[in-house]
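In what follows, a structure is listed as structure tokens, so that the remarks can point back to it.
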Amino acid sequence: MKRTIIMAAMALAAIAAPAQTATQAEVLEAARNANDYFMAKYADPTEPTNVKKIRPSHLWTRAVYYEGLMALYSIDKNEAYIDYTDRWANFHKWTPRDGIGTRDADNQCCSQTYLERFVMTGDSAMLRPTRENLQGQMAETKIGYWTWIDAIQMAMPVYAQMYKITGDEAYLDHAMEMYRWSRNECGGGLFNEADGLWWRDADFVPPYKEKDGNQCYWSRGNGWVLAALVRVIDQMKPKGKAYKELKKDFIMMCDALAKCQREDGFWNVSLASPATFGGKETSGTALFLYGISWGLRKGYLKEKTFRPVADKAWKAMATEALHKDGFLGYVQGTGKEPKDGQPVTYNKVPDFEDFGLGCFLLGAVEYYKLISGE
């Protein structure tokens, strides 16, 4: 009887114990493995994608991948990463998809990498098309472009990067105007402060609900916003109204996300409605790991509450999503809501393999930095 009680107590302790922290070497090895798989499979970065139709390789899915690749380069100075990036960017003439006249946030996403390379090299050819694109948009009176929350990640960091590069606050001011419009006005406001989460677009604000009566908060959509907040705040000086606004939203989101993490470390595809579209999902989980690890490093989040969240998220992806050959499982394909790309499984290849890897690399690198104590 006594032995049974002891065994039961040990089992309960094991369940309650936090996930064991990985080593830096393990995290880097996992990131390299996933990236090596992709670069070998897609050896020519200029080749267009062909999912239902031909698209140039600087579309948003591939642009997100390069965000992750540049992050990987920050901890792993492999010149093959730079060569791969520059072949891609040179082919597209360092220009947003559809040219400098585009106003589509998805088309502007590739400029995040262009500007990172400009900062590294000082080559004005990497900067000029993006600057012309943003200046054209800023000259207009319309600010209601970001009608879906993914757009905040695709485009807002570009404005913040240009602000940091030039010192011209007009870029940041315009970005904040567009952000506030999406947050507070689009569809009545896409951010629900009561829950600390975002509706994907105006189609999902109340009275819309999932079949079980819960709100529809899409995991990856919220991940996009959290990533955007990280990438924008990183370009700002820690003072002023805009900084305080974004930091407040970031903390509200992290508080909400910590509460809805699954026991296994993943997040459900539908954050508040697992009965409708539950299940493990890697891209959203990776973006949440990215944001929470960054928030811990900045001192914005409490270690006691959020470090176990980060540890569990990394362990889940590294042990349950990442295949031995570097393929990433449980990645939901492209879409706009939880039901898209279903079922999401360990072996299913999503329609695009690039953006999920980009998210994974962002999360892995930020977690690596968290472990290192940077």
Side-chain angles (χ1 to χ4, degrees), residues 19-47 49 57 61-89 110 112-113 116-117 120 223 227 230-231 234 265-266 280-294 296-297 310-331 346-350 352-374:
Q20 185 176 0
T21 302
T23 66
Q24 284 183 282
E26 289 169 340
V27 175
L28 181 56
E29 181 183 5
R32 284 173 172 167
N33 186 25
N35 188 64
D36 287 349
Y37 168 88
F38 181 85
M39 286 181 63
K41 186 171 181 178
Y42 300 94
D44 182 357
T46 70
E47 186 175 352
T49 63
S57 66
T61 65
R62 191 61 54 88
V64 170
Y65 162 70
Y66 283 103
E67 292 177 46
L69 184 62
M70 294 301 290
L72 180 58
Y73 182 75
S74 74
I75 63 168
D76 186 23
K77 302 299 185 183
N78 185 339
E79 288 305 310
Y81 305 156
I82 295 299
D83 293 342
Y84 192 73
T85 300
D86 286 356
R87 284 174 59 200
W88 166 77
C110 53
Q112 295 190 48
T113 298
E116 282 198 58
R117 290 294 292 133
M120 295 166 70
V230 169
R231 297 174 75 77
D234 249 353
F266 286 97
K280 305 170 185 178
E281 203 284 309
T282 299
S283 64
T285 297
L287 291 169
F288 299 147
L289 175 63
Y290 174 55
I292 288 170
S293 295
W294 178 85
L296 282 163
R297 289 179 55 231
D311 290 340
K312 285 172 62 177
W314 173 254
K315 183 178 179 181
M317 293 194 300
T319 62
E320 298 186 48
L322 182 63
H323 291 225
K324 288 183 179 180
D325 66 356
F327 172 75
L328 279 175
Y330 298 114
V331 174
Y346 177 69
N347 290 313
K348 183 179 178 181
V349 179
F352 291 86
E353 291 189 75
D354 42 14
F355 70 88
L357 173 58
C359 297
F360 179 79
L361 293 176
L362 288 172
V365 171
E366 206 61 32
Y367 187 63
Y368 174 98
K369 293 177 179 178
L370 175 65
I371 292 171
S372 74
E374 281 191 24

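Rounded to the nearest 0.5 angstrom, Glu116 CD and Thr85 OG1 are separated by 9.5 Å. Once rounded to the nearest 0.5 Å, the distance linking CD of Glu79 with OH of Tyr73 reads 4.0 Å.
Applying the ring pair (Phe, Tyr, Trp, His ring centres under 6.0 Å) criterion to Phe38, with sequence neighbours excluded, gives Tyr42, Tyr65. For Phe360, the ring pair (Phe, Tyr, Trp, His ring centres under 6.0 Å) partners are Trp314, not counting sequence neighbours. Applying the salt bridge (Lys or Arg N to Asp or Glu O under 4.0 Å) criterion to Glu281, with sequence neighbours excluded, gives no partner residue. Remark: Asp234 engages no residue in a salt bridge (Lys or Arg N to Asp or Glu O under 4.0 Å) (not counting sequence neighbours). Qualifying salt bridge (Lys or Arg N to Asp or Glu O under 4.0 Å) partners for Glu29, counting only residues two or more places apart in sequence or in other chains: none.
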Item to complete: Just do the side chain to side chain contact (heavy atoms under 4.5 Å, CB included) check on Thr113 and Trp88 with the steps written out, would you?
Response: CA-CA 11 Å; Thr113 298; Trp88 166 77; 4.0 Å; yes

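A donor-acceptor pair under 3.5 Å links the side-chain atoms of Asn78 to the main chain of Ala80, judged by distance alone. Ser57 places a side-chain N or O within 3.5 Å of a backbone atom of Pro45 that can act as its donor or acceptor partner.
In this structure, Cys359 and Thr282 have side chains that are not in contact, with every pair of non-hydrogen atoms separated by 4.5 Å or more. Counting heavy atoms from C-beta outward, Leu28 and Leu72 have side chains that approach closer than 4.5 Å. For the pair Tyr81/Met39, a side-chain contact is recorded, criterion being any heavy-atom separation below 4.5 Å from C-beta on. Taking 4.5 Å as the limit, every side-chain heavy atom of His323 sits out of range of all side-chain heavy atoms of Tyr37. Counting heavy atoms from C-beta outward, Leu289 and Thr285 have side chains that stay 4.5 Å or more apart. Residues Met70 and Gln112 have side chains not in contact (no heavy-atom distance under 4.5 Å, counting atoms from C-beta outward).
Electrostatic pairing of Glu47 and Arg62 does not count as a salt bridge here, judged by no charged N lying under 4.0 Å from a carboxylate O.
For residues 33-46, the salt bridge (Lys or Arg N to Asp or Glu O under 4.0 Å) pairs, not counting sequence neighbours, are Lys41-Glu353, Asp44-Arg87.
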